[in-house]
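Side chains included, hydrogens not; waters and symmetry mates left out as well; all remaining heavy atoms used. Every number for a ligand or one of its atoms is a count from 1 in the order of the listing.
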Amino acid sequence: CETAYQKFLRQHYDNPKSNVGRNYCNAMMQRRELTKPTCKDVNSFIHEKKQDILDVCTDKGGKAYKDGLRVSLKPFSVTTCKHKGGSTRPPCEYKENKSERYIVIRCNNRNEPVHFDESI
Ligand code: U5P
């Protein structure tokens with residue numbers, strides 16, 4: 001079954017950014033199974049190398065932030081998808097916001113990311 005790290009990758013890792021047609025978020029949220037049984041409200045996809053994301057869990061690429069979270073030392077390319085409102089049942093309609101932001105994540109004791117908190 002899916003580990004917490006695998007789930008993080010499914011939900012938040014997309015590098016290079018997938019070519020999925022005209023609405024990236026609508027396609028990706030469905031493809032990554034984030035629209036069942038209801039539309040996930042907010043979800044971010046990171047367009048950087050897997051190793052660079054892993055490095056945020058160590059001194060190489062990240063540092064301690066509040067509440068045991070870690071923040072990246074450099075800005076990452078991130079697309080955040082936000083549900084447009086209306087029905088929370090599929091089909092889900094999202095708007096996208098792509099920019100360079102510091103990511104805030106939680107890591108497990110094997111220095112793998114297991115939670116995306118926010119980007120700042
Ligand atoms: N989330 C993102 N990006 C954001 C904020 C939240 O992907 O910028 C996702 C995370 O997967 C988080 C979930 O676990 O939304 C719930 O966020 P929250 O309601 O705890 O803020």
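- Under 4.0 Å is where a charged nitrogen must lie from a carboxylate oxygen, and between Lys74 and Asp52 at least one such pair does.
- Asp14 and Tyr24 share a donor-acceptor pair across their side chains, judged by distance under 3.5 Å alone.
- A donor-acceptor contact closer than 3.5 angstrom is absent between the side chains of His83 and Thr88.
- A side-chain N or O of Thr80 and one of Arg101 form a donor-acceptor pair less than 3.5 Å apart.
- Counted by atom type alone, Asn26 and Gln30 present zero donor-acceptor pairs between their side chains at under 3.5 Å.
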Handout entry: Test salt bridge (charged side-chain N to carboxylate O under 4.0 Å, His left out) applied to Arg106 and Asp117, step by step
Key = CA-CA 7 Å; Arg106 186 178 305 285; Asp117 201 71; 5.5 Å; no

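- Using a heavy-atom distance under 4.0 Å as the criterion, the protein contacts of ligand 1 are His12, Lys40, Val42, Asn43, Ser44, His115, Phe116, Asp117, Glu118.
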